[in-house]
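Note sheet for the following structure.
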There are 4 protein chains.
Amino acid sequence: MNTETQQSTETVPGAERSSGGPGRRRDEATRQKILQVAFDTLRTDGLRGFTIEGVALRSGAGKTTIYRWWPSKAALAVDAFLDRFPAEIQCRGTGSVIGDLREHMRALADNLAGDNGRVLGAILSGGRDDPETLQLYRERILMPWRERGRRLLQRGIEAGEIRADLAVDAALDALFMPLVVRLSIKVGKCDSEWVDSLCDTVVRGIRPGH
Amino acid sequence: MNTETQQSTETVPGAERSSGGPGRRRDEATRQKILQVAFDTLRTDGLRGFTIEGVALRSGAGKTTIYRWWPSKAALAVDAFLDRFPAEIQCRGTGSVIGDLREHMRALADNLAGDNGRVLGAILSGGRDDPETLQLYRERILMPWRERGRRLLQRGIEAGEIRADLAVDAALDALFMPLVVRLSIKVGKCDSEWVDSLCDTVVRGIRPGH
Amino acid sequence: MNTETQQSTETVPGAERSSGGPGRRRDEATRQKILQVAFDTLRTDGLRGFTIEGVALRSGAGKTTIYRWWPSKAALAVDAFLDRFPAEIQCRGTGSVIGDLREHMRALADNLAGDNGRVLGAILSGGRDDPETLQLYRERILMPWRERGRRLLQRGIEAGEIRADLAVDAALDALFMPLVVRLSIKVGKCDSEWVDSLCDTVVRGIRPGH
Amino acid sequence: MNTETQQSTETVPGAERSSGGPGRRRDEATRQKILQVAFDTLRTDGLRGFTIEGVALRSGAGKTTIYRWWPSKAALAVDAFLDRFPAEIQCRGTGSVIGDLREHMRALADNLAGDNGRVLGAILSGGRDDPETLQLYRERILMPWRERGRRLLQRGIEAGEIRADLAVDAALDALFMPLVVRLSIKVGKCDSEWVDSLCDTVVRGIRPGH
DNA sequence: CGGTAAGCGAGACGGTACGTCAGGTCTTGGG
DNA sequence: CCCAAGACCTGACGTACCGTCTCGCTTACCG
């Protein structure tokens, strides 16, 4: 678990009520075990084999305990993912904004190349019907990516590296959505070659140059 | 059912073995009823409320009959969608290739604005765990969109409207994937305004012009 | 099949309408195959594994054909049994009526020792809920046994070997019912030793003798 | 439920694990309701209409709950019967052992005259294919009858009322099996007249008296 | 330092849907 | 009119998880 990047723990499901008042404290080891098992199950069996019952069994926890802290299995899945996914993608700065943008997307794709990608893919689709989980997904996974991208684009506009009349949201869509789809629909790979190609295309557009 | 646009019906699940040999023929009315009910259920209740049991009940068919023709509920969902979705999106030609591209995407978005979009969204994610259905989805829904787009882009390159060194696949990703995500994750609308904005962005790129 | 002992074939289910009128004649080979397979299935798998579906499959007949000639699977079972069970148990005469009685029961038990017993046991219980089959069973299997026994007893009474005030039906119950139960409930064996013991007991009674 | 006559409840299916250890206790009311409904269904509709599904529906219990406690529907049927059937048939003593024997059988027939008989008849045959249930049936229903009878016979032998060289098992067969058959095959009634007649026959034998 | 208020595991409970099996009916084409 | 093949609706099967609900036990604070 990446403790240093876990911010605003209080409002996160599965981590509330950690002190104050009488009664036994929440067992942190149990929480960890549950998240661990949840993540592994998602990785190994996909969302199909991901059941509260199974997580409870394999983690040695009671179902009650899981339901006490996570409102739905989708919430648990999102949490299990985020617990192992850095809130802030770290990447080295290049000289230019557009270079930084490419680095950001590369780092993202890198990070999602292995287990994380499998797990996120599982979540992406499965939780779709649960509006609450969709909300969680948008807010806690997708938005941070876009916000980081948005900041970069704005910085680029200010620096004159990006045209001022850009429809920022559309650009973010063009950049990040393909990543999301490739993960969930498994159409093609998400390697850095592809990421570069995508970035380049969006940066230059499809019209004949200059 | 749109008979004229339904090509190569023989290899499509749920439509095989329609003649020859002894034994009772497949009941076309039943097939239609099942697809109809499946579509309506997906539209109304989403994938959450979409159960074989329910479709059987509401269509008056036996569960066995459904399982005889569709291997999984995801396969049924894909079929129900395609039965009501035109295989070829029709749109008027404009003078330019880029105009045609925009028209194509507008028509697509239009077609998915109502029930079709709801249903497709439901399918998109739910079928993810069933590799077979994913395959179906890619081949029978996504690919036709991309192919149409690919042909347009290539025509544009030949006509000099589009730069010759374009990474076509990346461009297709940037154009169509956002549409898919907006449908499935319900992040933002898919109206023609947004489509125009997206097209424009991909066409011009994000760098300062010429 | 024991053709010579099969009497009154006309009223037997599965053997009617064998001539006259237009149309194709009934296929005797098919009838034989069905009965054969039915018998074997009962013998091998018991009533549990005895299904019209299975018989149709293994005999190569269509389900329709079976239903055309037998109203229920119990009827088929009874028929399959009777087709291989001699209508008249043959046994050598002894000097005395009581000896003949013992011989009759021995022959019966003998005949039911192997496959026939297994099959009859299967029928006995399974058909119980179908009143029609129960009727069949009583009329075509049980009654002949009792009638033969009744004739013997009556002969014994006339000959003075059996007391005149005997409640014949009760005696028949005491003699034959244990056989039926042992077959169906599988409580104990039905070997000739046991048969002798039973006969002897019923003959002599339980009170101290002479 | 006849609490006072229910002995050794611990080893009886559907009544185990009623205390100790963590976890929610078994709901006795539910158990009662299930047995009640099962009994009523058997009485009303026979074994034909006796389905786990139906019992679950009418009792308000989940199918899982039934399957948790009873391995098969036959086991449930046996239990439903025994729950309402006195483990020890009570009957007044007469002066003689043979009189007591007749009383015992009368009481038995009496007890089985109404609903109990219908239910037992239903069980008798239906459970035949399930060896486990057959076992249950033999051990928990048939054996107690025979044991009681056996004790009576032995007492009779000691008292000189019954001949010393009697084959006790054969005598028990002759006495009780007809009862069982009459119940299951429905050949004739089980009234006290018939019971008397049967007893008398077995007691006196069929040979001319003394 | 003892009461009380949680947290925790185990596990029973009423449900819903699953995917399968067999029952009995029907509709083909061919003999 | 018979027969095979086989599609069809019905209904029950036994299983898997769901989310809820007791239980008895274990902490830990707070008066």
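Letters A, B, ... are given to chains in the order of the sequence lines, protein chains preceding strands, and every chain is numbered from 1.
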**OP:** Specify the residue among C:Ser59 and B:Gly60 whose closest nucleotide of DNA chain F lies further upstream toward the 5′ end.
**Re:**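 In this pair, the answer is C:Ser59.
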Subject >> Residue closer to the 5' end of DNA chain F, B:Ala61 versus C:Thr65 (nearest nucleotide) >> reply: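 Going by which nucleotide is closer to the 5' end, it is C:Thr65.
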Nearest-Å distance, [atom1] ([X]) to [atom2] ([N])?
{"X": "D:Glu28", "N": "F:dT22", "atom1": "CD", "atom2": "P", "answer": "17 Å"}
{"X": "B:Leu57", "N": "F:dG11", "atom1": "CG", "atom2": "P", "answer": "11 Å"}
{"X": "C:Arg68", "N": "E:dT27", "atom1": "CZ", "atom2": "P", "answer": "14 Å"}
{"X": "B:Trp70", "N": "E:dG19", "atom1": "CH2", "atom2": "P", "answer": "15 Å"}
{"X": "B:Ile66", "N": "E:dA17", "atom1": "CD1", "atom2": "P", "answer": "13 Å"}
{"X": "D:Asp27", "N": "F:dC23", "atom1": "CG", "atom2": "P", "answer": "9 Å"}
{"X": "A:Arg58", "N": "F:dA16", "atom1": "CZ", "atom2": "P", "answer": "13 Å"}
{"X": "A:Ile34", "N": "E:dG7", "atom1": "CD1", "atom2": "P", "answer": "13 Å"}

Subject >> Base-contact (B) and sugar-phosphate-only (S) positions in nucleotides 26-31 of chain F, heavy-atom cut-off under 4.0 Å, - elsewhere >> reply: BBSSS-
Original post:
Listed by chain and number, what are the ring pair (Phe, Tyr, Trp, His ring centres under 6.0 Å) partners of D:Phe81, not counting sequence neighbours?
Top reply: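 Scan of D:Phe81 (ring pair (Phe, Tyr, Trp, His ring centres under 6.0 Å), adjacent residues dropped) gives D:Phe85.
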Subject >> Close side-chain approach of A:Asp83 to A:Gln32, heavy-atom, < 4.5 Å >> reply: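 They are in contact (side-chain heavy atoms under 4.5 Å apart), so the answer is yes.
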Subject >> Spatial distance of atom OG (D:Ser59) from atom CD1 (D:Ile66) [nearest 0.5 Å] >> reply: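 One finds 5.0 Å between OG of D:Ser59 and CD1 of D:Ile66.
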Subject >> Interatomic spacing from CZ in A:Phe39 to CG in A:Leu82 - rounded to 0.5 Å >> reply: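 Reported to 0.5 Å precision, the distance equals 10.5 Å.
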Subject >> Residues forming a side chain to side chain contact (heavy atoms under 4.5 Å, CB included) with B:Lys63, sequence neighbours excluded >> reply: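 Partners of B:Lys63 by the side chain to side chain contact (heavy atoms under 4.5 Å, CB included) criterion, ordered by chain and then number, come out as B:Ile52, B:Glu53, B:Ala56, B:Tyr67.
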Original post:
What pairs with D:Asp27 under side chain to side chain donor-acceptor pair (under 3.5 Å), at least two apart in sequence or on another chain?
Top reply: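 Listed in chain order: D:Thr30.
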Original post:
Between A:Arg31 and A:Trp69, is NZ or CZ placed under 6.0 angstrom from the six-membered ring centre and within 45° of the ring axis?
Top reply: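 A:Arg31 over A:Trp69 ring: no.
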Original post:
Hey, does the side chain of C:Trp69 come within less than 4.0 Å of F:dC2's phosphate (OP1/OP2), counting only N and O?
Top reply: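 False: C:Trp69 side-chain N/O out of range (4.0 Å or more) of F:dC2 OP1/OP2.
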Original post:
Which salt bridge (charged side-chain N to carboxylate O under 4.0 Å, His left out) pairs, counting each pair once, include a residue from residues 34-44 of chain C, with sequence neighbours left out?
Top reply: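 Listed by first then second residue: C:Asp40-C:Arg43, C:Arg43-C:Asp115.
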Original post:
What are the two closest heavy atoms between B:Leu35 and B:Leu76, and how far apart are they?
Top reply: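 Nearest heavy atoms, B:Leu35 then B:Leu76: CD2-CD1, 4.0 Å.
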Identify all pairs in which a protein N or O lies below 3.5 Å from an N or O of nucleotides 21-24 of chain E, and state each distance.
unit_1	atom_1	unit_2	atom_2	d
E:dC21	N4	B:Thr64	OG1	3.3
E:dG23	OP1	C:Ile52	N	3.3
E:dG23	OP2	C:Ile52	N	3.2
E:dG23	OP2	C:Glu53	N	3.0
E:dG24	OP2	C:Tyr67	OH	3.0
E:dG24	N7	C:Lys63	NZ	2.9
E:dG24	O6	C:Lys63	NZ	2.7

